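Data first, discussion second: the structure below is written as structure tokens.
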There are 2 protein chains.
Amino acid sequence: MSELVKSMPEAAGTRGRILDLAVQIASSEGLEALTIGRLATELGMSKSGLFGHFGSKEGLQLATIEAGAGLFGRTVIDPALHEPSGKPRLRKLALGFIDYLESSVFSGGCFWTSVAAEFDNREGPVRDRIELHVGTWLNILTEQAKAAGADDPRQLAFELFSIGQGTNMQYQLFRDADLFDRARETVERILP
Amino acid sequence: MSELVKSMPEAAGTRGRILDLAVQIASSEGLEALTIGRLATELGMSKSGLFGHFGSKEGLQLATIEAGAGLFGRTVIDPALHEPSGKPRLRKLALGFIDYLESSVFSGGCFWTSVAAEFDNREGPVRDRIELHVGTWLNILTEQAKAAGADDPRQLAFELFSIGQGTNMQYQLFRDADLFDRARETVERILP
DNA sequence: ATTGCGAACGAACGATCGTTCGGTAATATG
DNA sequence: CATATTACCGAACGATCGTTCGTTCGCAAT
């Protein structure tokens, strides 16, 4: 791992504690396995007390997505903003993503992979938020690929994005730590 | 799409009809959304009648995975076996996978992506079967990369696998058909 | 001191989950 | 013809789901 990443969870308060757990469950078992009763039990509180913080199951799912987006942003994107725009920042984004997978910020691997696979064929606000956040990640990659002078920025972003997805799926299934170095090798090779 | 792919579903019989639907639901909403009551309703039969074919929910999930594996094999792997081992077969495998995504053999995109994301952090026979089938796919890619004379066959397989995963996730979320050509472009570039 | 409010609780609801059971009709086997 | 097997059904089960309700507690403002 190229650098120690501080991944502070959610802010304080009961709601924050709920979402810290929710985000881990969602990443490893999905947003439907994220049950109100289960959350309440594991946190030692009542279903109705927990429910009140979100108003509905969908409200809980949306809040979990925003919490996941916050943690992803603080872990992967924010550190890259300290690098100058262009190739250094793009490199930091791509390698930071691999570090994010390797350091298991989410116990279930990439948060977005889990929730997107579950909701990409449904409709409604949950799917919309997922699309927006993943779209933002992809847009940042594309912008920085452009700033880095890539011939086809969108193509480069596509490939960097894909390396991340492939690494995540293979690691989650096979637990082969060599994958992270393979991923870094590919990233270094395709950077402009 | 480089070729018309015949993707004959399951064999005849009630069990086959069940699994044809099960496989589509699993690919687009996951193996837990694959409910016995829902399947029975959509197929116009009773829960208990349907249940009898599989003995348990886990039995249904395992049967669905085998049915998905069969369809994947017939769609992606079998056609490539007509190409000579080495680069031609590897190329056919990689491009065939992209065709498989583009032609929506599974309504929810790549069958393995969906079920792996859902179960890769659990334990038990369902997870084991998924790992085995995806591992087989990866091994075939690695063997053919070796036969094609790649410097690092495992690395090439890793990259081809990743392109497929990235294409699937981006297409499922953004429905941008350009992605398939981007994927083919990358495949042609990294083949040895 | 009183009021108001947010947080949390326990109990209950209707719905759905996976599963079991007993029965019926059709088919195959002897 | 008798028998066993298979395919399917309807009814019911306990558990869990998301959700609603009324209540209680503690704290802050008036």
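Letters A, B, ... mirror the listed sequences (proteins, then strands); counts begin at 1. Just so we're clear, the structure is a prediction, and the values are computed from it rather than from any experiment.
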Exercise. Near DNA chain C, under 4.0 Å by heavy atom, which residues of residues 44-57 of chain A?
Worked result: A:G44, A:M45, A:S46, A:S48, A:G49, A:H53
For this session: Examine B:Y100 together with B:F97 and report whether their ring centres are nearer than 6.0 Å.
Result: yes
Exercise. Does the side chain of B:E29 come within less than 4.5 Å of B:L34's, by heavy atoms?
Worked result: no
Exercise. Quick one: are B:E66 and B:H133 in side-chain contact, heavy atoms under 4.5 Å?
Worked result: yes
Exercise. Would you find a donor on one side and an acceptor on the other, under 3.5 Å apart, between the side chain of B:E83 and the backbone of B:P88?
Worked result: no
For this session: For A:L34 and D:dT16, give me the distance from atom CG to atom P, rounded to whole Å.
Result: 17 Å
Exercise. Can you tell me how far C1' of D:dC17 sits from CG of A:L39, to the nearest Å?
Worked result: 13 Å
Exercise. In terms of side-chain geometry, is the basic nitrogen of B:D128 or B:R122 positioned less than 4.0 Å from the acidic oxygen of its partner?
Worked result: no
Problem set entry | A:R15 CZ - C:dA8 P separation (whole Å) | 12 Å
Exercise. Rounded to the nearest Å, what distance is computed from the CG atom of residue A:L31 to the C1' atom of nucleotide D:dC17?
Worked result: 16 Å
Exercise. Aromatic ring centroids of B:F180 and B:Y171 under 6.0 Å?
Worked result: yes
Problem set entry | Integer-rounded Å distance: C:dA7 P and A:L43 CG | 16 Å
Problem set entry | Proximity to the side chain of A:I36 - top-ranked nucleotide from D:dG18, D:dC8, C:dG18 | D:dG18
Problem set entry | Spacing between A:E58 atom CD and D:dC17 atom P, to the nearest angstrom | 19 Å
